[in-house]
Amino acid sequence: MAADGADVQQGVLGQVREAIRGQVRGLFGDKVEEKLVQAVGVELPRDEGFGDVSTNAAMVLAKPLAANPRVIGQQVMDGLLRDHANLFEKIELAGAGFVNMTLRLRELLRLALAVPLWGVAFGRLAVAARQKYLVEYVSINPTGPIHVGHGRNAVFGDVIARMLERVGHTVWREYLVNDAGGQIRVLVNSLHIRYRQLFGEEVMLPEGAYPGEYLIEIAKQLRARDGDKWLAVRDEAALFEGLRAFAVESCMALIKADVERMGITFDRYFSEFAMHQGSAMAEAVAALRAKDLVFEGTLPPPKGKEVANYVPVELTLFRATAFGLGEDQAVYNRAGQPTYFGQDIAYHMDKLQRGFDKLVTVVGIDQAGAFKPLAKAIEALCGRADAYHPVPYEMVKVLRNGEPVKLSKRAGNIMLLSEVLDEVGVDAFRFMMLTVKPTTALTFDLAKAVEKSMENPVFYVQYAHARLCAVFRQAGDLGIVQPADVVDEAALEAALAALEGQELSAAARAVVRQVMVYPAVLEQAAASLEPHRLANFASALAAAVHHWYGAEKWLDTADAKATAVRLQVARAAQVILADVLKVCGVLAPESM
RNA sequence: GUGCCCGUAGCUCAGCUGGAUCAGAGCAUCAGCCUUCUAAGCUGACGGUCGGUGGUUCAAGUCCACUCGGGCACGCCA
């Protein structure tokens with residue numbers, strides 16, 4: 001096989017796809033655009049009986065060519081048989097025009113052999129397709145420790161970053177530290193009251209203050225550092241000036257500790273406070289004003305809600321209505337302070353100025369209302385509509401003993417991430433967060449996360465990996481000579497020749513098919529920013545492995561060649577399972 | 001009043017961005033498999049008019065409109 005870039009990156013599946021696209025170009029290149037050719041894809045047939053790979057080429061092209069899909073399918077099929085007969089055992093036309101391909105066993109074995117050799121090159125995008133991503137995630141306000149719901153954000157962001165890197169993009173991880181707003185004033189005041197309490201003063205936390213006990217700890221640290229220096233201070237501005245940094249850093253330390261426990265770190269903690277020391281906000285507003293997208297105006301009173309004594313005031317507004325959105329958005333509030341929206345614009349402009357192509361932000365779906373105006377502002381600033389990619393995710397519900405745990409920040413009974421990690425462990429938490437697509441609310445059952453059964457997908461997948469490892473250990477015990485991983489393409493051909501004439505059971509073939517499809521899964525997961533596809537794939541591959549394990553005995557000392565073939569497939573599955581788990585940030589244990 | 005998300009088997013969820021006479025897993029229920037490499041597993045059976053109506057299409061769980069049900073937002077708050 002010509003080991004050019006595309007082949008290595010995608011394996012047989014990529015080869016087949018390119019072969020089909022080549023046929024399409026040759027047959028209809030003068031009538032269809034390249035964009036349409038790119039829409040031609042390959043997939044695993046729904047029914048295994050249909051073969052290893054099928055293509056939608058005929059369906060995709062039928063309409064633009066105004067031709068019968070079966071005729072198109074026939075032409076593509078004929079071309080494949082003529083030009084790529086070496087790849088296929090059999091090609092059939094089926095249904096409305098599907099081209100079903102059964103690959104030669106040799107090609108599947110070549111893939112199994114190549115997977116350990118290629119390593120992370122398997123599944124990598126072509127260089128031209130790679131981009132610079134900034135992934136912003138977690139970004140919770142530094143006013144206390146992180147809770148379960150935010151844990152989902154952390155895992156999504158981390159796995160999105162990992163999978164983008166896995167396919168070859170450049171990724172920068174960032175946490176926006178919201179250390180400038182009103183909630184920091186509340187934090188400082190709450191801390192100060194806890195601090196005074198430490199000295200025996202009888203002061204109560206006011207309504208709206210942060211009630212968590214962590215602030216008592218932080219107050220003790222403050223006392224240890226500064227003694228009674230702040231005890232008599234009552235001036236809010238002086239307290240804010242003096243304690244802001246300490247309060248924020250102390251809270252950030254709590255957050256970082258929990259997040260790092262899950263193996264998550266950031267390239268930068270971006271301080272909003274620091275941003276406002278500079279001119280970013282003014283520049284962003286000026287840039288939009290130059291395009292007549294920022295202007296001075298007044299907003300109508302809030303809809304759907306009676307506001308007593310509403311006094312309209314002239315504000316600095318972003319002209320969201322120019323983009324068909326319901327209402328213009330204030331960028332500075334009535335006190336002249338930047339609004340959240342205004343800060344977001346400035347922050348995202350800063351990201352753009354740092355040269356990133358793609359701005360991904362993992363953010364709670366409750367903030368979804370802000371996406372559209374921000375997207376328009378970003379588009380106006382950089383001229384690209386495809387720069388901003390919010391990843392909204394739904395909340396987490398926790399079940400303990402089958403009963404929902406009430407999560408209420410106000411009532412103070414928030415469920416902390418650290419508690420959950422203590423209870424179920426990092427691997428189970430991370431994987432469970434990934435089992436469901438981001439926009440589906442996730443019910444996290446504490447009991448199931450520690451269960452050792454199919455109820456618990458993380459065990460199922462890890463067990464599959466451990467099982468594969470166990471087989472290799474057992475093979476060693478039985479004195480079975482295990483084929484060493486090939487070191488180059490020449491060795492691969494030699495190893496392949498040595499396996500000539502062997503068969504693969506249906507169950508083993510199903511495993512190879514899963515391995516084969518991995519690059520496509522990675523590509524789609526990365527392109528759609530949907531990490532749950534990786535978890536689903538991991539479960540599917542694990543299932544294929546378990547089925548195969550149950551279907552036949554792999555180690556047969558009486559038949560070295562057949563055993564060698566099976567071990568090659570097992571090795572490929574092991575490598576891919578370990579890889580996908582790594583991208584998910586979950587350990588691939590060698591034994592359970 | 002407006003916007004966003006969800007509605008698929010008794011339960012929890014997938015469904016590769018419009019495709020193949022049976023719409024898939026797991027759990028639950030029922031029936032099997034350890035004198036074979038970890039039974040933390042595997043094999044069967046049962047089970048759904050994909051919330052509803054209409055539309056676009058050769059083709060709709062997937063797209064559009066309307067509608068019903070559930071959730072979350074909707075301030076110059078964060």
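We name chains A, B, ... by the order of the sequence lines, and we start the count at 1 in each one. Only heavy atoms go into these numbers, but all of them, side chains included; no hydrogens, no water, no symmetry mates.
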What is the pairing partner of [N], taking Watson-Crick or G-U wobble pairs with both distances under 3.5 Å in any strand?
N: B:rA45; answer: B:rU29
N: B:rU57; answer: none
N: B:rU2; answer: B:rA73
N: B:rC37; answer: none
N: B:rG7; answer: B:rC68
N: B:rU21; answer: none

N or O in side chain of A:Q367 less than 4.0 angstrom from B:rA73 OP1/OP2:
no

Does B:rA39 have its OP1 or OP2 closer than 4.0 Å to a side-chain nitrogen or oxygen of A:Y549?
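Indeed, a polar side-chain atom of A:Y549 lies that close.
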
Ignoring hydrogens and angles, are the base of B:rA20 and the side chain of A:N100 linked by a donor-acceptor pair under 3.5 Å?
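For A:N100, whose side chain was compared with the base of B:rA20, there is a donor-acceptor pair (under 3.5 Å).
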
N/O donor-acceptor pair, side chain A:S539 with base B:rA25, under 3.5 angstrom
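Not at all, since no donor on one side and acceptor on the other fall under 3.5 Å apart.
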
Ring-face cation of A:R289 near A:F295 (centre distance under 6.0 Å, axis angle within 45°):
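The answer is no, since A:R289 fails at least one limit relative to A:F295.
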
Close aromatic pair by centroid cut-off 6.0 Å: A:Y347 and A:F270:
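Yes, the ring of A:Y347 comes within the 6.0 Å limit of the ring of A:F270, centre to centre.
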
[X] has a side chain; which of [options] sits nearest to it?
X: A:W554; options: B:rU38, B:rC16, B:rC37; answer: B:rC37
X: A:E43; options: B:rC16, B:rC77, B:rC5; answer: B:rC16
X: A:F459; options: B:rC72, B:rA14, B:rA40; answer: B:rA40
X: A:R334; options: B:rG19, B:rA78, B:rC76; answer: B:rC76
X: A:Q474; options: B:rC37, B:rA78, B:rU17; answer: B:rC37

Gap in Å between the two C1' atoms, one belonging to B:rA78 and one to B:rG19, rounded
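One C1' to the other, the span is 46 Å.
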
Rounding to the closest angstrom, what is the interatomic distance between B:rA59 and B:rG7 at atom P?
25 Å

Can you check salt bridge (charged side-chain N to carboxylate O under 4.0 Å, His left out) on A:E552 and A:R566, steps first, answer last?
CA-CA 10 Å; A:E552 68 181 317; A:R566 289 189 214 102; 3.3 Å; yes

Report the relative orientation of the aromatic rings in A:F371 and A:Y388; use parallel for angles under 30°, tilted for 30 to 60°, perpendicular for over 60°.
perpendicular

Would you check, one step at a time, whether the test salt bridge (charged side-chain N to carboxylate O under 4.0 Å, His left out) holds for A:D445 with A:R400?
CA-CA 6 Å; A:D445 190 323; A:R400 184 190 291 286; over 6 Å; no

Would you mind reading off the distance between A:K437 atom NZ and B:rC4 atom P, rounded to a whole angstrom?
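Computing the A:K437:NZ to B:rC4:P distance gives 17 Å.
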
Does the aromatic ring of A:Y460 sit over the six-membered base ring of B:rA40, closer than 5.5 Å centre to centre and tilted less than 30°?
no

Using the rule given for ring-ring contact (aromatic ring centres under 6.0 Å, His included), can you reason through A:Y460 versus A:H546, listing the C-alpha separation, both sets of side-chain angles and the distance that settles it, and then say yes or no?
CA-CA 9 Å; A:Y460 188 73; A:H546 287 308; 4.6 Å; yes

Scan A:S591 against the nucleic acid and name what it touches under 4.0 Å (heavy atoms): base, sugar-phosphate only, or nothing.
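Since a base atom lies under 4.0 Å of A:S591, the category is base.
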
Touch class at under 4.0 angstrom, heavy-atom based, for A:A330 against every strand present:
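A:A330: backbone/sugar contact only, no base atoms under 4.0 Å.
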
